[in-house]
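Given the structure is predicted, the values throughout are model-derived calculations rather than measurements.
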Amino acid sequence: MNRDELIRRYAAGERNFALVKFSDPGLDGINLSGTDLTGNNMEEFYLARAILKAVSLVNAKLFGSIHFWQKHSNSK
C-alpha cells in the first residue's frame, strides 16, 4: 500500500492496517491515530511528525526507522 492509498483509506474511516505491506517508507507528517499496525515491517521508515496516538505496534518491526518524539508543554 502506498502513502496516498493509506491516507485515503484512513480518511474513509479504516483503522485496521495489520499485516499490510507498505510500499512507501515516507509516512512523515501523517495522522495514524487509533490505527492497528500489528505485525507490519516498517524498518527504516521515516515517521517524523507522524501522529501515532493510540497506535497498536504489536510485533511491528521498526528497526532503523526515524522518529522524532516531541514533548509538548502547556506552560507559556
Can you name the side-chain contact (heavy atoms from CB on, under 4.5 Å) partners of L19, sequence neighbours left out?
none
Look up atom CG in L27 and atom CG in L47, then write down how far apart they are to the nearest 0.5 Å.
6.0 Å
For residues 19-28, which residue pairs qualify under side chain to side chain donor-acceptor pair (under 3.5 Å), counting only residues two or more places apart or in two chains?
none
Side chain to side chain donor-acceptor pair (under 3.5 Å) pairs, two or more places apart, involving residues 53-63
T38-S56
Would you compute the distance between atom CG of L6 and atom CD of E14 and round it to the nearest 0.5 angstrom?
9.0 Å
With no hydrogens and no angle check, is any side-chain donor or acceptor of N41 less than 3.5 Å from a backbone partner on A60?
no
Quick one: list whatever passes side chain to side chain donor-acceptor pair (under 3.5 Å) with E44, sequence neighbours left out.
none
Roughly how far, to the nearest 0.5 Å, is the CZ atom of R8 from the CZ atom of R3?
15.0 Å
Contacts of type side chain to side chain donor-acceptor pair (under 3.5 Å), residue E43, not counting sequence neighbours
none
Any idea which heavy atoms bring L62 and M42 closest together, and the distance?
CD2-CB, 3.7 Å
Taking atom OH of Y10 and atom OG1 of T35, what is their separation to the nearest 0.5 Å?
7.0 Å
Parallel, tilted or perpendicular, judged at 30° and 60°: which one describes the rings of F45 and F22?
perpendicular
Exam field: side chain D36 to backbone A18, donor-acceptor pair closer than 3.5 Å:
no
Taking side chain to side chain donor-acceptor pair (under 3.5 Å) as the definition, give me every residue that meets it alongside R15, ordered by chain and number, with sequence neighbours left out.
none
Taking every non-hydrogen atom, the tightest pair across I51 and S33:
CG2-OG, 3.1 Å
